[in-house]
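This is a predicted model, so every value here is computed, not measured.
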Amino acid sequence: MNIPENTQMDAEFWRDVERAKRLTPQERVRIGHELFERSIYLMTQGLRMQYPDCTEEELAAMRRERLARIHQWESRSAQVGTNREAGAGLAE
């Protein structure tokens, strides 16, 4: 594979892509789960830094709300390629 390496970050990204292609499906699922858990942890830590006086319940509610917004945004982005009207809705 011809890897476009304009920056060091690009090179590392494409090396990671090549490594991922060699993983078994089970390894991909495991790593995907680990990455998701890590992102939830980092999101929670970021919320704690922004809102140090919040309770665990309040942090959990904010985390759920952010995840819902991310899901909604990703769903809209996925529709843009298959539905022109969805793309028009994003521009508003």
Side-chain angles (χ1 to χ4, degrees):
M1 176 177 178
N2 185 11
I3 299 174
E5 296 185 10
N6 296 330
T7 67
Q8 182 62 31
M9 194 163 116
D10 289 342
E12 290 173 22
F13 171 80
W14 287 109
R15 279 193 292 274
D16 288 344
V17 168
E18 286 300 314
R19 268 186 249 132
K21 287 180 181 179
R22 293 188 294 270
L23 297 175
T24 66
Q26 295 84 2
E27 290 171 318
R28 289 181 190 170
V29 169
R30 180 185 53 79
I31 289 171
H33 177 74
E34 289 172 1
L35 289 171
F36 178 76
E37 291 295 322
R38 178 77 174 155
S39 67
I40 294 298
Y41 171 79
L42 292 172
M43 182 186 293
T44 303
Q45 295 306 311
L47 288 168
R48 277 195 180 110
M49 288 177 66
Q50 283 183 290
Y51 307 100
D53 297 329
C54 282
T55 66
E56 288 299 316
E57 294 80 21
E58 290 169 326
L59 287 173
M62 284 190 280
R63 186 176 55 231
R64 281 190 301 273
E65 190 271 329
R66 284 192 181 184
L67 285 170
R69 275 192 288 158
I70 291 168
H71 177 72
Q72 183 181 28
W73 179 79
E74 288 177 345
S75 295
R76 286 182 185 169
S77 294
Q79 292 173 357
V80 169
T82 59
N83 184 348
R84 286 186 171 176
E85 292 172 13
L90 289 175
E92 295 174 359

Evaluate the criterion side-chain contact (heavy atoms from CB on, under 4.5 Å) for residue pair Val17 and Trp14; output intermediate values, then yes/no.
CA-CA 5 Å; Val17 168; Trp14 287 109; 4.1 Å; yes
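Residue pairs satisfying the salt bridge (charged side-chain N to carboxylate O under 4.0 Å, His left out) criterion with at least one member in residues 37-47, sequence neighbours excluded, are absent.
For the atom pair Met43 CE and Leu59 CG, the distance stands at 12.0 Å (nearest 0.5 Å). Ile70 CD1 to Gln72 CD: the interatomic distance, rounded to the nearest 0.5 Å, is 11.5 Å. Atoms CZ and NE2, on Arg76 and His71 in that order, are 11.5 Å from each other to the nearest 0.5 Å. Rounding to the nearest 0.5 Å gives a distance of 9.5 Å between CG of Asp53 and CD of Glu58.
Between the side chain of Arg48 and the main chain of Glu56, no donor-acceptor pair closer than 3.5 Å is present.
Considering only residues two or more places apart in sequence or on other chains, Gln45 meets the side-chain hydrogen bond (donor to acceptor under 3.5 Å, both in side chains) condition with none of them.
When all heavy atoms of Arg63 and Ile40 are compared, the closest pair comes out as CD-CG2, 3.6 Å. For Met62 against Cys54, the heavy-atom pair with the smallest separation is CE-SG, 3.4 Å.
Between Glu27 and Arg30, none of the side-chain N atoms (NZ, or NE/NH1/NH2) sits under 4.0 Å from a carboxylate O, so this pair counts as no salt bridge.
When hydrophobic clusters are built by joining Ile, Leu, Val, Met, Phe, Trp and Tyr residues whose side-chain heavy atoms come closer than 4.5 Å, directly or via intermediates, Met49 is not grouped with Leu67.
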